[in-house]
Amino acid sequence: MKKIFIIITLSFFVLDSFTQKPVWKSGYAPELVLSIPLKKNLSFSSKTESFIYYFESGRGDDGSALWYEGTDIQVFINGKINPFQRWALGYQYGIEPGESDSHRAIQQYSLSYKPGLLTIGQRFRADQTFQENEPVRFRIRYRLGIELPLQGTSLDQGELYLTASDELLYAIQGNDRKTENRLNLQLGLYVSKSLRLQAGGDFRSHFTNEGTMHEMLVKSGIYLSF
Amino acid sequence: MRSIHLFLLFILVSPLLSAQVKVEREYRIHWREVPADSRDWMRDAFEGIKKIRWYRDEQEDAFSYEAKLKWKGREYSVEFDADGRILDIEYKIDFEDIPVSARRNLEEYFNNEFRNFRLMKVQKQLTGDPDVLEDFMDEDEKDGITGRFEIEFYGERDDEKDLWEGLFDEKGEILLLRKMVLEPGLNLEF
């Protein structure tokens with residue numbers, strides 16, 4: 001499974017080298033995630049993420065500025081199947097300047113296990129996005145992530161950790177097809193059982209019929225669990 | 001820009017907030033921070049060992065030292081108290097390495113207590129006088145050694161589906177059972 005994943009990811013970059021000059025964008029995407037237990041094996045969570053960009057090149061009007069591209073607000077109901085498996089059903093409300101607001105239904109199944117030092121998480125997700133005057137966009141996504149404690153064999157309060165993930169996305173919208181890869185690396189601080197802080201980077205590559213776009217996002221996150 | 005400043009401020013202040021709460025934690029330390037008695041014991045028991053990773057394990061009102069190493073193909077974990085006196089030795093084994101009679105008792109326990117189970121990790125735990133433990137390590141001398149089995153497993157019973165850690169005596173009788181928590185960070189899910 002991992003080999004297939006690596007081959008697919010690498011093939012994106014190889015294909016990219018044969019296509020036209022890609023668009024590059026850089027920005028900042030802060031996020032706030034919170035989780036509240038509802039009852040045994042059931043919880044509510046939400047994630048709010050904004051996108052602020054400061055650089056773009058490859059579209060003819062290269063340069064730096066500071067512009068806001070929107071905010072996504074997600075809410076989820078999460079269920080625990082057993083210590084290793086979880087499901088989630090969610091809704092996203094998307095705000096984008098100059099565009100009509102979008103609505104997204106999300107279905108998620110995730111697996112996690114801890115073979116020794118690493119915690120490994122796999123996430124399978126499907127979503128459907130609805131926006132005025134646009135065909136429905138269907139996506140399937142797979143993400144493989146790891147978390148590594150940096151100050152011992154387990155992650156304890158006040159300690160740093162490293163988290164990395166790679167996600168593959170495939171989207172269909174009308175006649176358009178799009179693949180995307182998201183590589184993420186962040187340094188985290190496990191402040192307490194209810195608070196984690198993270199900062200790092202997200203490298204996103206979009207491959208569409210029209211060409212390729214790479215995004216380099218500086219990420220920061222606050223994760224609250226009650 | 002303001003949110004960036006707030007986040008950076010949060011990162012700077014948060015360790016101070018966490019320092020006010022007494023926490024349990026385990027972290028890597030340099031061998032120089034380990035009591036000489038512990039280091040000497042390790043040198044005598046694991047003669048010729050070159051690489052030992054040392055950790056300090058802090059609980060609510062006490063602390064201990066832990067040495068982790070690979071020795072003759074096995075993964076060992078040796079725990080010492082704050083004064084450097086050995087507490088126990090643990091090493092990974094296969095379930096099949098457990099003597100047949102104890103294994104039968106363990107299987108009976110799992111089958112009776114859990115409708116479904118899967119073993120994750122089996123460890124042999126040895127306790128005893130420091131000299132006796134040292135003799136066991138370098139001369140395989142078993143007299144005076146108390147052996148136990150520490151088993152991590154996934155088990156389903158009633159409406160519980162959890163990870164458990166069980167401590168069993170040498171005959172395979174349960175001594176202690178506790179739930180383990182595997183809570184993946186929200187970062188791995190969202």
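First the proteins, then the strands, lettered A, B, ... as listed; each starts at 1. Note that this is a predicted model, so its numbers are computed, not measured.
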Open item on the list: Is there a side-chain contact (heavy atoms from CB on, under 4.5 Å) between B/Glu26 and A/Glu159? Walk through the geometry before answering.
Closed with: CA-CA 10 Å; B/Glu26 174 244 48; A/Glu159 291 185 349; 5.7 Å; no

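- Summarising the local packing, CZ of B/Arg74 is surrounded by more than 12 heavy atoms from other residues, nucleotides or ligands at distances under 6.0 Å.
- Contact count versus chain B (heavy atoms, under 4.5 Å) is highest, among A/Pro115, A/Gly90, A/Pro83, for A/Pro83.
- Under the rule for a side-chain contact (heavy atoms from CB on, under 4.5 Å), the partners of B/Ser38 that lie at least two apart in sequence or sit in another chain are B/Val34, B/Pro35, B/Trp54, B/Phe80.
- Looking at A/Gln186 and B/Asn187, their side chains never come closer than 4.5 Å, going by heavy atoms from C-beta outward.
- Using a 4.5 Å cut-off between heavy atoms, A/Thr119 contacts chain B through both its backbone and its side chain.
- For the atom pair A/Asn41 CG and B/Glu160 CD, the distance stands at 10.0 Å (nearest 0.5 Å).
- Atom OH of residue A/Tyr223 and atom CG of residue B/Leu188 lie 9.0 Å apart, to the nearest 0.5 angstrom.
- Listed in order of number, the residues of residues 104-133 of chain B that approach chain A to under 4.5 Å between heavy atoms are B/Arg118, B/Met120.
- Using a 4.5 Å cut-off between heavy atoms, A/Asn78 touches chain B through its side chain atoms alone.
- Using a 4.5 Å cut-off between heavy atoms, A/Thr153 contacts chain B through both its backbone and its side chain.
- The contact between A/Lys40 and chain B is made entirely by side chain atoms (from C-beta outward), counting heavy-atom distances below 4.5 Å.
- Both the backbone and the side chain of B/Tyr27 come within contact range of chain A, with heavy atoms under 4.5 Å apart.
- When heavy atoms are compared at a cutoff of 4.5 Å, A/Leu150 does not approach chain B at all.
- The part of A/Ser110 that comes within reach of chain B is its side chain, from C-beta onward, which places non-hydrogen atoms under 4.5 angstrom from that chain.
- Within 6.0 Å of CD on B/Glu33 lie more than 12 heavy atoms contributed by other residues, nucleotides or ligands.
- Considering CZ of A/Arg125 and CZ of B/Phe190, their distance stands at 7.0 Å, rounded to 0.5 Å.
- Note: B/Glu189 leads B/Lys161, B/Met180, B/Glu189 in heavy-atom pairs under 4.5 Å with chain A.
- Counting heavy-atom pairs under 4.5 Å between each of A/Gln108, A/Arg86, A/Lys47 and chain B puts A/Arg86 at the top.
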